[in-house]
Amino acid sequence: MDDPESPPLSNGELARIFHEIGDMLEVKGELVFKTVAYHRAADAIAHSPVEVARAYRAGDPPRIAGVGEAIARKIEELARTGHLAFYEHLREEVPPSLVALLGIPGVGPRTVKQLHDELGVETLDDLRRAAEAGTLRGLRGMSEKTEEQVLAGIATLENRKDRMRLGQAEEIVETLLAELAETPGLRSIQPAGSFRRRRETIGDLDLLAETDRPLELVGRFVGLPTVESIIARGPHKAAVRLLRGPQVDLMVMPPDEAGTYLIHFTGSKEHNVRLRGMARDRGWSLSEKGYLRLGDDGEPATGDAADLRVFPTEAEAYGFLGLPFIEPELREDRGEIEAAVAGQLPRLVARTDLRGDCHSHSDWSDGVHAIEQMAESARRRGYAYLVLTDHTVSLAIARGLDLERVERQRRIVAALNERFAREEAAGTAPPETAPEGFRLLHGCELEVRADATLDYPDELLATYDLVVGSVHVARRQSREQLTARTLAAIRSPHVDVIAHPAGRYIGSREDLDLDWDTVYEEAARTGTALELNGSDERLDLSDVRARRAAELGCVFAIDSDAHRTEELDNLRWGTAMARRAWLGPDRIVNTRSRAELIDWTAGKPGRV
DNA sequence: GCCGTTTTCGGCCCGACTGTTTTCAGTCG
């Protein structure tokens, strides 16, 4: 029965259902291509810029690659009723506890089916008991050793850490690279995988090395003090789990053949599948080893090495398919192949394009470091400006500033800027100082109250260099209320940037329930920038949302939201998200000079 | 189940490692 009153399922919820269907079909032993089709469709829905269920309910189903007639019918049913009979029947047949067994490393769908059919295993505990009782060894292809592996796999699953934040991944990678750097024979070593693509969270880490002495490198790698266990170890490849840390894969490549290796191990899997398809169309088989010419039978030729093509760089390896180099952040099969074929890849914004930072805090509100420390730190990073945006009065928990403290803070900012100007004139500023000089701009992080009013009066807001507006409180309001509050900030002539528009914390706090397209359209119409918040706990807007916003004409600010000096470097993660959203420097307001930025903020009433 | 400037049927990406195997299936990335 239709239930138009209930909120439509989110893309994430739809994707989870179709992934689960794919998993259940795998366990049932269904044709593998069918299960893959469900997973592909689930991924496409998860990354869709439009709210799929809402669009179906409105009678305007979007065209989604990988969603054909059968899956479209299922989305339709889910969108209209919130239920899917096919899914519910499947869950009775293949209980979720059985699907959960797929999470055990080393246990795949065939094994789960075998365990269920032959031993009646339905849950993790069933399997644990069976392995401990030694009843697995009687099954075809299983032994005592299998039982040990299953038990170890269950332990791993139960201890499995959540995916890492980018900053955590970076720290581990840098430690590993330092520990392996002095290995004899090593020519180069670098991270690949989702960390190189800068996905918002990282599961496993991948390292790629060129070395003349593979055995020595692999040996040192598996012997590192932080290695808890060795998962696999071959002559050119090894996988380990770190103590209280992630799995790390090391791959050794022959010197001067890195091109296809880097592509293969950087991924994404979906990007690689597309490349292999292109290679196949041209009569070549692509693997990490290079391009191998296909014979008349459609199989790669064996024997003579004459038909293997290898390349020292990724650019050359892409070039073999007639493609330009594709930036790692774009390699998600979200249109980058088509753009590359058409010669229309975007020029992505780079960290060095940024001239300043529009969102930062001091110990006047909830930051750690003093105003002067924050300013000095930004100056020594070569910025032309840092906007100090401490919280406003109603956010008492963060010591929001009342009017009297705003005035005192303003005098401190002015005094600092006088000193900076004097030093620049006298030539005594730090050598890292930007050519245009450095100034601390005065702003605030303006609270949008629960009733959609702004925390400071217009007369006060008009005195700031730049204002970022934020929704922090009353997050559980209705979609209409939350959207109205965000729009109130966007429509204010004094609000220049909407800070962390979705208000999420990765892994712990969901996005605000907003009418997103309306928010994007209004931001575009008024010229209000949306923030790409660089805190690796936020990364807000997400890459998917930012790309949609850009399609609708929005501009953005890449901000650190630093609460201490070290966090100023959060700009690198904000930049990564901008790149994953296909954004160029022209869309980012803080690629502008200080004078241009100030002109832009002063022009807002005229932009409306 | 999806998809089509070679197909509306017949394909659908590739290889290393593991374990139990005597030639290969399963899992993983």
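None of the values given here were measured: they were computed from a predicted structure. Here is the naming used below: chain letters follow the sequence lines, and residue numbers restart at 1 for every chain.
- Applying the side chain to side chain donor-acceptor pair (under 3.5 Å) rule to A:Asn533 yields the partners A:Glu531, A:Asp561; only residues at least two apart in sequence or on another chain are considered.
- Below 30°, between 30° and 60°, or above 60°: for A:Phe320 and A:Tyr291 the angle between ring planes is between 30° and 60°, a tilted geometry.
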Report summary line: Under a 4.0 Å heavy-atom criterion, the protein footprint on nucleotides 4-11 of chain B, written with B, S and -, is --------

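- A:Leu31 comes within contact range of at least one nucleobase, with a heavy-atom separation under 4.0 Å.
- Among the protein residues, A:Val36 comes within range of no part of the nucleic acid, since none of its heavy atoms lies under 4.0 Å from any strand.
- For B:dT18, the OP1/OP2 oxygens have no side-chain nitrogen or oxygen of A:Gln149 closer than 4.0 Å.
- Residue pairs meeting the salt bridge (charged side-chain N to carboxylate O under 4.0 Å, His left out) criterion with at least one partner in residues 126-135 of chain A, sequence neighbours excluded, are A:Asp125-A:Arg128, A:Asp126-A:Arg129, A:Arg128-A:Glu158.
- Residue A:Lys74 has its side chain nearest to B:dG1 when only B:dC17, B:dG1, B:dC14 are considered.
- Taking the side chain to side chain donor-acceptor pair (under 3.5 Å) definition, one finds that A:His19 meets it with A:His39, A:Asp43, sequence neighbours left out.
- Closest contact between the side chain of A:Phe33 and the listed nucleotides B:dG1, B:dC17, B:dC14 involves B:dG1.
- Within residues 16-30 of chain A, no residue has any heavy atom closer than 4.0 Å to DNA chain B.
- As judged by a 4.0 angstrom heavy-atom cut-off over every strand, A:Ala239 is placed among residues making no nucleic acid contact.
- The shortest distance between the side-chain N/O atoms of A:Arg233 and the OP1/OP2 oxygens of B:dT18 is not below 4.0 Å.
- Which of B:dC14, B:dC17, B:dG1 sits closest to the side chain of A:Ala232 comes down to B:dC17.
- The side chain of A:Ala37 approaches B:dG1 more closely than any other nucleotide in the set B:dA16, B:dG1, B:dG19.
- Base-pair partner of B:dT8: not found among the strands shown (Watson-Crick or G-U wobble, both distances under 3.5 Å).
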Which atom pairs link the protein and nucleotides 26-29 of chain B when you take only N or O atoms and keep those under 3.5 Å?
unit_1	atom_1	unit_2	atom_2	d
B:dG26	O3'	A:Thr111	OG1	3.4
B:dT27	OP1	A:Gly108	N	2.7
B:dT27	OP1	A:Gly108	O	3.1
B:dT27	OP1	A:Thr111	N	3.0
B:dT27	OP1	A:Thr111	OG1	2.3
B:dT27	OP2	A:Arg110	N	3.3
B:dC28	OP1	A:Gly106	N	2.5
B:dG29	OP1	A:Asp204	OD2	3.4

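- In the set B:dC2, B:dC14, B:dC17, the nucleotide with an atom closest to the side chain of A:Ser287 is B:dC14.
- Classification of A:Asp212 and A:Arg187 as a salt-bridged pair holds, one side-chain N sitting under 4.0 Å from a carboxylate O.
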